[in-house]
Structures are given as structure tokens and as C-alpha cells.
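Worksheet for the structure shown next.
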Amino acid sequence: MGRSQDVAVPPGADPVALVRELRRAHDAFVQTGTADPRLRPLVAESWRRSVGTGLDPEASLARIRLDDAGLAAVRAAHPLASVMPVVRRLLVDPAADAGLLVAVSDAAGRLLWVEGAPALRARAEGMHFVEGADWSEASAGTNAPGTALALDRPVQIFGPEHLARPVTPWSCSAAPIHDPDTGALLGVLDLTGGDEVAGAQSLSLVRATVAAAEAELRIERLSGTGPRHVAGWTAPARLDVLGAHTAQLRHGGTTSRLSLRHAEILLLLAAHPDGLTAGELAVALSDDEHAPVTVRAELSRLRAAVPSVGLASRPYRLTEPLRTDLDDVRGALRDGGLRRAVAGYRGPVLPASDAPGVVRLRAALHERLRGHVLVCPDADTVLAFADTAHGRDDYAVWQHALEVLPAGSPRAAHVAAHLDALDAELG
């Protein structure tokens with residue numbers, strides 16, 4: 001397969017032969033977890049990152065994060081809204097004529113605009129390539145927009161280089177879009193379609209459109225003609241901590257990946273809006289002796305790492321609300337939306353953390369959600385929880401799934417077989 005990092009299908013390559021080789025490599029990775037050394041390194045590394053989040057290559061689909069109202073609100077406030085006419089003129093219109101799709105995501109991987117050939121849009125709905133869906137690697141596995149976001153560089157993904165099986169018939173080229181003043185990552189521009197999208201020309205076209213969009217933002221700001229929210233846009237602060245070894249912070253149009261310690265501190269402060277003393281924070285962070293002076297030093301480093309987030313002292317507290325994906329799941333449970341809660345629960349809270357305060361939050365959320373699942377009469381919801389990394393070994397959940405499946409369900413045999421396998425493992 002020996003190819004360059006950037007171009008998925010180099011000039012002169014036989015796409016049919018390449019698809020066969022990639023399918024073999026994909027099957028081997030799914031079965032053994034071992035990546036073929038002939039894979040492009042960026043693909044192999046992305047596959048490993050994706051499965052590390054608990055993603056199931058055979059069944060996972062991108063999660064829908066935004067409903068119509070949420071999508072409209074995010075679009076209205078997003079700085080890329082003002083450059084969409086440029087994107088449409090340079091890329092969407094030619095792509096539609098060629099039977100392709102163009103997508104623009106935000107810095108978290110949520111697709112804000114998906115435009116192009118109507119027939120292809122209808123087909124893409126089957127793999128959740130729709131506005132409001134999360135195409136970050138953690139949600140959708142290896143894909144051009146998600147991997148471009150993870151690496152902050154242009155990326156092409158050809159057919160079976162996608163990790164999620166439902167996406168392997170597609171190819172895509174994507175490049176990140178940056179704020180021309182601050183360099184902050186604003187989102188990703190993606191071109192999606194068949195094999196033709198994985199060539200050098202497609203990636204060059206995407207890059208050129210990104211350059212034009214960034215130039216348009218710069219011109220608007222210099223001339224003062226752009227929408228006011230583009231120059232001074234501030235997104236609501238948000239912290240994502242579910243199922244990830246660290247956290248992702250989105251604030252002021254910027255996405256930051258935090259160290260585990262900084263993720264723990266922000267999560268604990270978000271969970272205690274009235275604040276924590278240095279001593280209380282020290283106890284919440286460690287069972288060992290964790291002197292308040294050490295906590296103060298860590299808070300200073302956190303301020304320097306994410307200056308856009310306001311931190312006050314005496315006690316330590318956030319100066320503005322910080323929404324977390326933990327809050328989303330709690331809110332869905334409170335409102336009776338168990339299916340929404342299960343979909344939003346990507347995994348335990350900061351699973352790599354052993355900070356006592358985080359461990360308590362992790363256990364409380366998991367047990368609360370699991371408790372609702374164990375009394376849920378809807379088999380689809382129960383199985384949506386069961387067939388995840390955090391539910392796959394939960395005997396009680398699988399047993400409940402078998403109990404609530406309708407008589408004659410074709411899924412009953414699979415559930416019964418899984419229970420037998422768990423019986424054998426657990427003795």
C-alpha cells in the first residue's frame with residue numbers, strides 16, 4: 001500500500017486493487033486490533049485512537065448532537081456563517097454539479113452545514129452524515145473531517161480507511177479552518193463522495209477554498225463590514241469529559257485539549273458552582289497529601305493554559321457557567337429522555353482519573369443511568385446501552401434486554417448468545 005501521508009490515492013494507483021488491500025487490513029484490525037504496517041501511519045494511528053474511545057467499528061454511527069433549534073442557534077453565532085457564501089460559490093456549487101457533498105463542521109466536529117447533490121445527501125443520511133451530527137473521531141471513528149480536527153491538518157480518507165464499517169463505501173477530503181487573527185481552530189471544510197474525492201486534486205480544491213474563507217474573514221474584520229459576532233464571537237463554554245482520557249474545552253471559538261489534571265480541576269469546579277477552598281480541592285483531587293500550595297500552583301498553570309476561562313479565588317470558582325456533557329446526560333434523565341441520555345453517554349467520566357471527587361461523579365452518573373436502563377421497557381434503548389464498551393460486560397443489563405425483547409425478535413438469539421458468553425467468562 002506504501003503511500004504518502006497526504007494523498008490517499010496517488011496518481012497512477014489502481015483504486016480497485018487498493019480497496020481490496022484496505023478491506024483486508026480493515027478486517028484484520030477489527031478482528032485482532034493489529035494495524036497492517038503498510039497502512040498510512042495517520043490512518044493506523046487514527047484507528048487506534050478511535051477504538052480507544054470504545055467505538056465499535058462494525059456498528060457505530062455518528063451521534064446526532066444538535067436538534068433543529070440547537071443547530072440554528074449554533075449556526076447563527078458561529079464565525080463561519082459569514083463565509084458560507086464564499087464556500088458555496090467556490091466548492092458547493094461545483095460539487096453539486098459533480099454529484100458530491102460539502103460539509104462544514106465546528107471545532108468540536110459537529111456538522112453545521114451539509115450541502116451538495118440532493119441524491120447523495122439522501123444516501124448520506126443512512127450513515128448519519130447530516131447537519132447536527134458529531135463527526136469527531138470519538139463519535140464516528142476515522143474520517144476526514146474528524147481526523148483533520150484531531151490532527152489540525154488537511155486529511156484524505158479513502159473508502160476502507162474509514163474505521164466504521166457503514167462509512168467504508170465513501171471517501172472524503174477535509175482541511176481545518178483557522179481564525180486569521182488568533183490562529184484558533186474554527187472548524188473543518190470537507191468534500192465527500194466516491195473514489196474521485198481521494199485524489200490530489202480534491203484536496204487541493206478543499207485547501208484553496210479554506211484559504212479563500214480565511215481571507216474573507218480577514219477582509220471583513222479589516223473593513224468592518226462583517227457581522228459583529230464574527231469579530232467578537234464568544235461561544236458558551238463547554239467541557240466534554242465522557243469516555244475520554246482527558247477533556248475537550250470549547251470556549252470563545254477555540255477548542256482546547258486539556259491535561260488530565262486540568263480536566264479534573266475544571267470538572268470539579270463546574271460541579272461546585274459556589275466554589276471550593278484550596279484544601280477542599282486538594283482532597284477532591286487526591287487521597288495522598290496534596291498541599292494547598294500545590295493546588296494553587298496547578299490553578300496558576302490552568303489560568304495560563306486556558307486564559308479565556310475566568311477563575312476566581314477564595315474560594316476557587318468559575319466566574320461564568322461551564323456546561324458539561326455530564327450535565328447533558330443528567331438533564332436528559334431529569335426530563336425523562338432516557339434514549340437521549342444513553343446516546344449522550346459516550347462512556348464513564350474521565351475514565352483515566354483516580355481523583356476521589358471525579359471517581360464519585362463517575363460512579364454516581366453511571367449508576368444513575370444504569371438504574372434507569374434496568375427498569376426501561378424499551379428494548380432498543382436497553383440494547384443501545386448494552387452494546388457499548390461500558391455495557392458489553394454488564395450481565396444484568398443484557399439479561400434485562402432479553403426480558404424486554406418482543407416475542408420472536410430476531411435479536412433474541414444474539415442477546416442469548418452474549419449472555420451465554422458472559423456466563424462462561426464469569427464462571
Side-chain angles (χ1 to χ4, degrees), residues 6 66 71-118 120-121 124 129-133 135 143-149 151-156 171-193 196-235 250 252-255:
D6 289 337
L66 299 171
L71 176 66
V74 174
R75 278 178 170 177
H78 203 278
L80 293 180
S82 69
V83 301
M84 283 306 297
V86 172
V87 172
R88 291 184 179 109
R89 184 172 68 251
L90 295 180
L91 193 59
V92 174
D93 292 345
D97 292 339
L100 304 175
L101 295 180
V102 173
V104 175
S105 83
D106 66 6
R110 299 176 299 181
L111 303 185
L112 302 184
W113 291 272
V114 179
E115 302 180 5
L120 205 62
R121 286 187 67 180
F129 195 77
V130 295
E131 293 162 344
W135 276 75
N143 68 92
T147 304
L149 185 64
L151 301 179
D152 196 9
R153 52 166 288 185
V155 167
Q156 281 190 323
S171 294
C172 43
S173 294
I177 308 171
H178 295 94
D179 185 290
D181 296 330
T182 67
L185 181 61
L186 298 178
V188 170
L189 176 66
D190 170 76
L191 182 65
T192 287
E196 70 276 20
V197 178
Q201 185 175 1
S202 295
L203 191 58
S204 295
L205 184 57
V206 171
R207 282 172 160 158
T209 307
V210 166
E214 292 173 347
E216 181 70 11
L217 280 175
R218 187 176 292 109
I219 291 169
E220 286 178 350
R221 295 178 187 184
L222 289 173
S223 65
T225 59
R228 291 173 60 189
H229 72 261
V230 172
W233 179 68
T234 301
R250 301 197 296 272
T254 301
T255 297

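The model shown is predicted, which means the values in this text are computed figures rather than measured ones. In this chain, numbering begins with 1 at the start of the sequence shown.
Contact between A174 and V188 at its shortest, heavy atoms only, is CB-CG1, 3.7 Å. Pairing each heavy atom of V102 with each of A95, the nearest pair is CG2-CB, 3.7 Å. Of all heavy-atom pairs spanning D190 and C172, the tightest one is OD1-CB, 3.3 Å. The two atoms that bring G116 and V92 nearest to each other are N-CG1, 4.3 Å, heavy atoms only. Across all non-hydrogen atoms, the minimal contact from W113 to A81 is CH2-CA, 3.7 Å. Annotation for G193 and L120: closest pair CA-CD2, 4.2 Å, computed over non-hydrogen atoms.
The closest donor-acceptor contact from the side chain of H78 to the backbone of L186 lies under 3.5 Å. The main-chain N or O of W135 is found under 3.5 Å from a side-chain atom of N143 such that the two form a donor-acceptor pair. No donor-acceptor distance shorter than 3.5 angstrom exists from the side chain of T192 to the backbone of L101, with no hydrogens or angles considered. Between the side chain of R75 and the main chain of L112, a donor-acceptor pair closer than 3.5 Å is present. Distance alone, capped at 3.5 Å, is enough to place a donor-acceptor pair between the S202 side chain and the E196 backbone. No donor-acceptor pair closer than 3.5 Å links the side chain of R250 to the backbone N or O of A107. Of the possible donor and acceptor atoms, one in the side chain of E131 sits under 3.5 Å from a partner among the backbone N and O of V114.
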task: Assess whether side-chain contact (heavy atoms from CB on, under 4.5 Å) is satisfied between E220 and L217, documenting all intermediate values.
output: CA-CA 5 Å; E220 286 178 350; L217 280 175; 4.0 Å; yes
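Exactly one of L149, D106, D179, I177 qualifies for a side-chain contact (heavy atoms from CB on, under 4.5 Å) with L185. That residue is L149.
The OG1 atom of T209 sits 11.0 Å away from atom CD of E214, with the distance rounded to the nearest 0.5 Å. Interatomic distance, E216 CD to L80 CG, rounded to the nearest 0.5 Å: 12.0 Å. If you take CG on D93 and CD on E115, they are separated by 9.0 Å, rounding to the nearest 0.5 Å. To the nearest 0.5 angstrom, R207 atom CZ is 12.5 Å from L189 atom CG.
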